[in-house]
Amino acid sequence: MPEKMQGMGAIPGVGIGYIMKAGQALDGYLAAYQPGTVEEELEKLDSAVAEVADILEKSVEQMRAVGHDEQANIMEAHLFLAQDPMLTDGMTDKVQEMGNAPAAILASAAESAKIFQSMDDEYLRERAADVLDVSKRIAGKILGIKEPEVGDRMVILCGYEVEPSVIASVPDDKIAGVIMGQGSTTCHAVIIAKSRAIPTVVGMEHRLDAIPEGAFVIIDGHTGDIFVDPDEETIKEYEAKLAKQRADEERYAALKDLPAVTKDGVEVQLAANIGSPNDAENAAKYGNKGVGLFRSEFVFMGREDIPSEEMQFESYKKAVEACNGELCVIRTMDIGGDKPLPYLNIPHEDNPFLGYRAIRISLNRRDLFMPQLKAILRAGVYGRAAIMAPMIVSVDEILRLRSFVREAMQELEDEGKEYSKTVQLGIMVETPAAAVMTPIFAKYVDFFSIGTNDLVQYTLSVDRVNPNVGYLYNHFHPAVLQLIQRTIKSASDRGIWSGMCGEMASDPYAAVILMAMGISELSMSAPSIPRVKEMLRSVTYEEAQKHLAKVMEMETGEQVLKYLHEALTH
Ligand code: PEP
Ligand code: MG
């Protein structure tokens, strides 16, 4: 039996290759190192810095040449660090003090990293990892550690933390996957791997020791499965999956710049759901048209206090700019429910999904809401932005929201700050009350975006995070379909646009009937865009309307699902 291990899937896809241990500790090399005189050590430092800068410069050029811009940017940041006197002077001083170049480089880097780690700004905190990465590379040069040597075989990089520079140094046609011990899915290494769609499994912790150097391994970046030394049957199964994945990728790549349009010319805008401005940049390679949901609560999470207007502005501006003139819908903070925020000190609730959350907090906390609205309005100057409020249930909330926005504009006016007067104002339709009220709500907003994750939860009274009732959770339930249809119709009756940003939008079968209902936009995690586009391009509006008429007559969600899968699987 092959050994099967379970990690956390971070970047989906099948990877088959040979383990190359990477990002390992330098301790063993350091212990064996014999330093020379201080002058000699200083010379070694200078030439190692120059050598690393040279490698980085070449690597930036190569990355740019093949269009890996995000990776090139990170490598360029490493290059600047390697040339930054702040860092190198610190290293020189330490070499003079310690007389051992590699040990001094690492000690000096650890001190600089500590300073970055203590900073408030998340971006600057992340620089700590970059400082350590570059310094390790410089020290590694002196210790005689070779850059990863990739032979003819496909490799799977494996280490507790595989440094971004190591991932960047292995070319596309040689890297099959990444396995990491650490559990973060947002660190630079994962961002780099994601921008190159390298299947990645994280969170293996000490179990990494059971994966030997050179072992033949299969990873599934979706499920987090790792097979060490797989048997013939498993190899066959995963080779077939890999072949399908490659064929899908080729078809999807060809679709990237084509519109999501039916055979008879009905177009739906396919936008991306994002949690950070970087996601917006990554989404471009899937051919997204704008952002339909920026979950801004992620800007508020992982910190110790409320992010300032300025910090939020930088974040939203970057996302708006990454949309290249398409709309960027920024949802106001949706805290509460399954997303707690410790520094708001919200007392324990028995029913957090029905409690003090989302717009209910925002309307009650001027100190929180005003900076956010002002930051979005200011970001609107750099492209097209929209404000979207979550969890709306009443007209009163919309009117209060509008009055907050007016006040935010007035404050910006008084402060002489530039802002956009054309930022759209919309709401999420994610409660049954909102869906029922859409004919009225449509008078007060510029658009609706249907949040099926919550709409299904509230309509069917099924906790979205409780696996024991997961079998009841079905976006094709007739009650849900009727609320969705009502929402889309209310929007078109009033001449405003409607979209969807819940998970249902990424279901290609659902996309067909939503298009037939008249939805204008579907927003989803970017990698789902090609599948939905392929489906929409394979049908006509007329056919879709026939399917819609049939499913709206059905009595259960299971019938709808079965019918659509049979009718639309070509
Ligand atoms: C939704 O409820 O469908 C939605 C998109 O919002 P979230 O998943 O963030 O609650
Ligand atoms: Mg929601």
Side-chain angles (χ1 to χ4, degrees), residues 268 273 292-293 331 334 337-338 353-354 357-358 388 390-394 426-442 447-493 497-525 528 532 535-536 544-568:
V268 180
N273 286 357
L293 169 64
R331 175 174 75 181
D334 186 12
D338 58 343
F353 274 117
L354 302 181
R357 62 170 292 199
M388 174 161 78
M391 276 294 288
I392 294 286
V393 295
S394 71
I427 58 165
M428 290 198 64
V429 174
E430 53 181 343
T431 62
V436 171
M437 291 293 286
T438 48
I440 313 269
F441 288 177
F447 65 92
F448 294 140
S449 183
I450 305 169
T452 48
N453 306 342
D454 278 316
L455 185 62
V456 173
Q457 148 165 283
Y458 295 127
T459 306
L460 306 182
S461 302
V462 180
D463 183 341
R464 64 191 259 188
V465 294
N466 182 343
N468 294 332
V469 289
Y471 70 98
L472 289 170
Y473 194 97
N474 184 346
H475 52 235
F476 288 127
H477 189 293
V480 176
L481 291 184
Q482 285 186 36
L483 291 176
I484 291 172
Q485 191 172 39
R486 179 180 175 87
T487 302
I488 298 170
K489 182 171 182 306
S490 307
S492 62
D493 285 352
W497 66 270
S498 62
M500 176 177 284
C501 59
E503 280 304 305
M504 184 180 186
S506 65
D507 175 348
Y509 299 93
V512 172
I513 56 169
L514 293 166
M515 177 267 296
M517 286 180 187
I519 207 155
S520 330
E521 175 242 39
L522 295 170
S523 188
M524 63 202 84
S525 75
S528 302
V532 173
M535 177 64 96
L536 289 171
Q545 279 202 311
K546 279 189 200 135
H547 295 316
L548 175 62
K550 283 218 171 83
V551 303
M552 292 313 281
E553 293 293 312
M554 290 180 181
E555 297 181 358
T556 71
E558 288 70 27
Q559 285 168 4
V560 176
L561 186 121
K562 185 161 176 283
Y563 169 81
L564 289 176
H565 279 245
E566 279 171 10
L568 295 169

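FYI, side chains are in, hydrogens and waters are out, and symmetry mates aren't considered; it's all heavy atoms of this structure.
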Side-chain contact, heavy-atom cut-off 4.5 Å: [X] with [Y]?
X: Leu460; Y: Leu472; value: no
X: Pro439; Y: Arg486; value: yes
X: Val560; Y: Asn474; value: no
X: Phe353; Y: Arg464; value: yes
X: Ile484; Y: Thr452; value: yes
X: Tyr458; Y: Leu354; value: yes
X: Leu483; Y: Val436; value: yes
X: Leu481; Y: Met552; value: yes

For [X] and [Y], which heavy atoms make the closest approach, and how far apart are they?
X: Val532; Y: Ala505; answer: CG2-O, 3.8 Å
X: Met388; Y: Ser449; answer: SD-CB, 3.5 Å
X: Arg357; Y: Asp454; answer: NH2-OD2, 3.6 Å
X: Asn273; Y: Ser523; answer: OD1-OG, 2.6 Å
X: Gly518; Y: Ser498; answer: O-OG, 4.4 Å
X: Asp334; Y: Ala358; answer: OD1-CB, 3.1 Å

Go through the structure and list residues passing side chain to side chain donor-acceptor pair (under 3.5 Å) with Tyr509, not counting sequence neighbours.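 Once residues adjacent in sequence are excluded, the partners of Tyr509 under the side chain to side chain donor-acceptor pair (under 3.5 Å) criterion are Thr569.
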
Within the distance-only criterion (no hydrogens, no angle test), does the side chain of Thr459 pair as donor or acceptor with the backbone N or O of Val456 below 3.5 angstrom?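 A pair under 3.5 Å: no.
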
To the nearest 0.5 Å, what is the distance between [atom1] on [X] and [atom2] on [Y]?
X: Cys501; Y: Asn453; atom1: SG; atom2: CG; result: 7.5 Å
X: Phe448; Y: Ser490; atom1: CZ; atom2: OG; result: 6.0 Å
X: Leu514; Y: Asp507; atom1: CG; atom2: CG; result: 8.5 Å
X: Met391; Y: Arg331; atom1: CE; atom2: CZ; result: 10.5 Å
X: Tyr473; Y: Ser461; atom1: OH; atom2: OG; result: 12.5 Å
X: Leu293; Y: Glu521; atom1: CG; atom2: CD; result: 9.0 Å

Please enumerate all residues that pass salt bridge (Lys or Arg N to Asp or Glu O under 4.0 Å) together with Glu566, with sequence neighbours excluded.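 By the salt bridge (Lys or Arg N to Asp or Glu O under 4.0 Å) rule, Glu566 matches Lys562.
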
Kindly determine whether Phe441 and Val429 satisfy side chain to side chain contact (heavy atoms under 4.5 Å, CB included), including the steps that lead there. CA-CA 10 Å; Phe441 288 177; Val429 174; 5.8 Å; no

Taking Ile450 as the fixed residue, which of Glu430, Met500, Met504, Met428 is the one that meets the side-chain contact (heavy atoms from CB on, under 4.5 Å) rule?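 The residue from Glu430, Met500, Met504, Met428 that satisfies side-chain contact (heavy atoms from CB on, under 4.5 Å) with Ile450 turns out to be Met500.
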
